[in-house]
Amino acid sequence: MIRFDNVGLRYGLGPEILRDLTFGIDGHSFQFLTGPSGAGKTSLLRMMFLSLRPTRGLITLFDQDAATLSKDGRATLRRRIGIVFQDFRLLDHMTTYENVALPLRVLGKEEAQYRAEVVELLQWVGLGECMGALPPILSGGEKQRAAIARAVIARPQILLADEPTGNVDPNLGQRLLRLFVELNKTGTAVVIATHDIALMDEFDARRLVLHEGRLHVYD
Amino acid sequence: MSMTEPIETMAEPWDHLDAPPVPARAPHAGASIIPKSSLAGRSLAAVVAIMTFLASLTTGAVMLVIGAASDWQSDVAREVTIQVRPVPGRNVEADVSKAIAIARAAPGIAAARAYTKEESARLVEPWLGGGLSLDELPIPRLIVVKLFPGAKPDFAAVRTALAAQVPAASLDDHRRWIDRMRTMAGTAAAAGIAVFALVLAATVLSVTFATRGAIATNRPIIEVLHYVGATDGFVGGQFQRHFLMLGFKGAALGGGTAILLFGVAEAANTWLTGTPGGDEVAALIGTISIGVAGYLAILALIVFMALVTALASRHTVNRTLEIID
């Protein structure tokens with residue numbers, strides 16, 4: 001699904017912060033991406049999401065060479081990838097329902113086509129009572145669940161989550177992990193970037209560990 | 001892959017994978033992707049309104065100046081003067097009548113009329129005082145010759161005829177005055193156009209920068225749209241439509257106020273016609289009317305400003321997307 005071959009990344013003229021990354025993310029798989037703060041987890045996720053270009057190497061997404069994609073081609077490919085940010089990135093002027101429905105609006109779908117689907121997903125993530133609420137009045141956990149729902153509403157084939165439990169307490173972190181596991185059971189490949197070892201210990205999954213610019217894979 | 005016990009035993013609302021039925025009154029995705037009302041948006045609309053108002057005023061004022069300058073020039077050009085000097089041994093009255101006849105015979109002449117002795121006396125009164133008897137002074141007699149609008153009579157032929165039949169007469173076609181008027185009118189028009197160009201440039205620049213500022217506050221929206229898979233065309237289109245409407249509202253307010261102002265001035269000018277003040281204003285700048293062309297120019301300015309706002313927003317969004325991508 002995603003393949004990195006000898007990928008390297010440097011910012012400007014600085015040193016190479018990621019070196020010789022060679023790994024793959026298979027469909028339906030579940031993995032943690034971990035490493036100390038500043039190891040390059042977010043940069044790696046951004047490269048997987050096509051919002052950052054490597055300085056060398058080959059990235060293949062869904063059998064397409066990322067370097068040869070047009071801007072619209074990248075946008076189209078991005079629709080097959082869901083992303084969840086640590087800071088949620090919900091739009092404050094839209095209700096929870098509208099935030100979650102946004103990817104479908106972007107796809108040009110009419111509301112009548114997706115209303116039931118969005119409501120069903122919101123109820124599934126436990127936000128059935130908050131559909132009309134604006135993000136500023138939601139709790140941290142509710143915001144993160146809304147962000148996850150937005151990331152998966154368009155049925156992406158892979159879900160990337162950047163420190164999704166970084167802004168919630170450990171108990172809620174475990175519950176969110178459960179949500180990711182359930183999503184994975186429905187067929188979505190999941191990559192969770194985290195440095196929370198306790199969270200990773202809760203679930204036996206493949207680990208991609210970034211250390212001093214190199215990636216070590218523990219299947 | 002297996003779930004560990006603590007998580008498995010947690011009971012959470014989202015455990016129900018068989019979702020309950022959709023409520024009859026589900027919420028609607030009615031909200032605009034870009035907030036309709038924001039402080040930055042209102043500020044931008046205010047900037048567009050103020051700048052469009054000023055640009056509209058400049059447009060109207062420049063059209064008034066150009067119109068007035070053109071009127072002065074054509075007024076002067078529509079008249080020539082024949083001067084008949086009193087010469088010993090010749091009958092001035094007979095010469096005046098003969099000169100009038102020559103003038104009237106030329107093509108393009110609408111009317112020719114001699115100043116009476118009383119009118120001539122009034123002309124020199126400021127310098128020589130009143131109560132003069134022109135019979136005692138060699139004051140030339142003037143004949144005002146009015147031309148048809150746009151006519152270009154053969155002044156050379158008139159001069160030749162006058163020289164042959166009325167040697168004491170000379171024709172003044174006001175060429176020096178017309179040249180000076182033409183220069184003045186051209187200068188006024190050029191200055192007006194330069195001022196208009198400057199105001200327009202300032203308007204475009206300030207609206208462009210205000211739009212950039214308003215877009216900057218919307219950067220999180222651009223990022224989110226980008227991350228959920230929106231194409232650049234979709235994102236740019238959303239902002240362009242939003243800012244086109246915002247710019248149009250501001251421009252319509254500013255331009256509309258200017259149109260109202262010119263309308264009121266035109267009406268006031270009509271009401272004041274005949275009063276001493278109104279006549280003074282009319283003598284100086286003609287009628288305060290920018291005409292249909294002026295109003296159309298302001299309407300075009302409104303559309304132009306809305307387009308400038310929309311295009312500036314699209315350009316800024318594209319640049320932001322390039323930075324994000």
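Proteins come first, then strands; the chains are lettered A, B, ... in the order of their sequence lines, and each starts at number 1.
The shortest side-chain heavy-atom distance between Val106(A) and Val235(B) does not fall under the 4.5 Å cut-off. His93(A) has its side chain within reach of Ile221(B): a pair of non-hydrogen atoms, C-beta onward, lies under 4.5 Å apart.
At most 12 heavy atoms of other shown residues, nucleotides or ligands fall within 6.0 angstrom of atom CD1 in Ile197(A). Atom CZ of Arg319(B) is surrounded by 12 or fewer heavy atoms from other residues, nucleotides or ligands within 6.0 Å. Heavy-atom contacts from other residues, nucleotides or ligands closer than 6.0 Å to CD of Gln113(A) number more than 12. Atom CZ of Arg155(A) sits in a sparse spot, with 12 or fewer heavy atoms from other residues, nucleotides or ligands closer than 6.0 Å.
Using a 4.5 Å cut-off between heavy atoms, Gln238(B) does not touch chain A at all. Only the backbone of Leu50(A) comes within less than 4.5 Å of a heavy atom in chain B; its side chain stays farther off.
In this structure, CZ on Arg150(A) lies 11.0 Å from OH on Tyr227(B), to the nearest 0.5 angstrom. Atom CZ in Phe49(A) sits 7.0 Å away from atom NE2 in His226(B) (nearest 0.5 Å). Taking CD1 from Ile33(B) and CZ from Arg105(A), the interatomic distance works out to 4.5 Å, rounded to the nearest 0.5 Å. With rounding to the nearest 0.5 Å, the separation of OG1 in Thr231(B) from CG in Leu107(A) is 10.0 Å. Put simply, NZ on Lys71(A) and CG on Asn318(B) are 6.5 Å apart, with the number rounded to the nearest 0.5 Å.
Across Ala230(B) and Ala75(A), no two heavy atoms sit closer than the pair O-CB, 3.8 Å. Residues Arg79(A) and Val228(B) share a closest heavy-atom pair of CG-O, 4.3 Å.
For the set Thr76(A), Leu102(A), Leu52(A), Asn99(A), the entry with the most heavy-atom pairs within less than 4.5 Å of chain B is Leu102(A).
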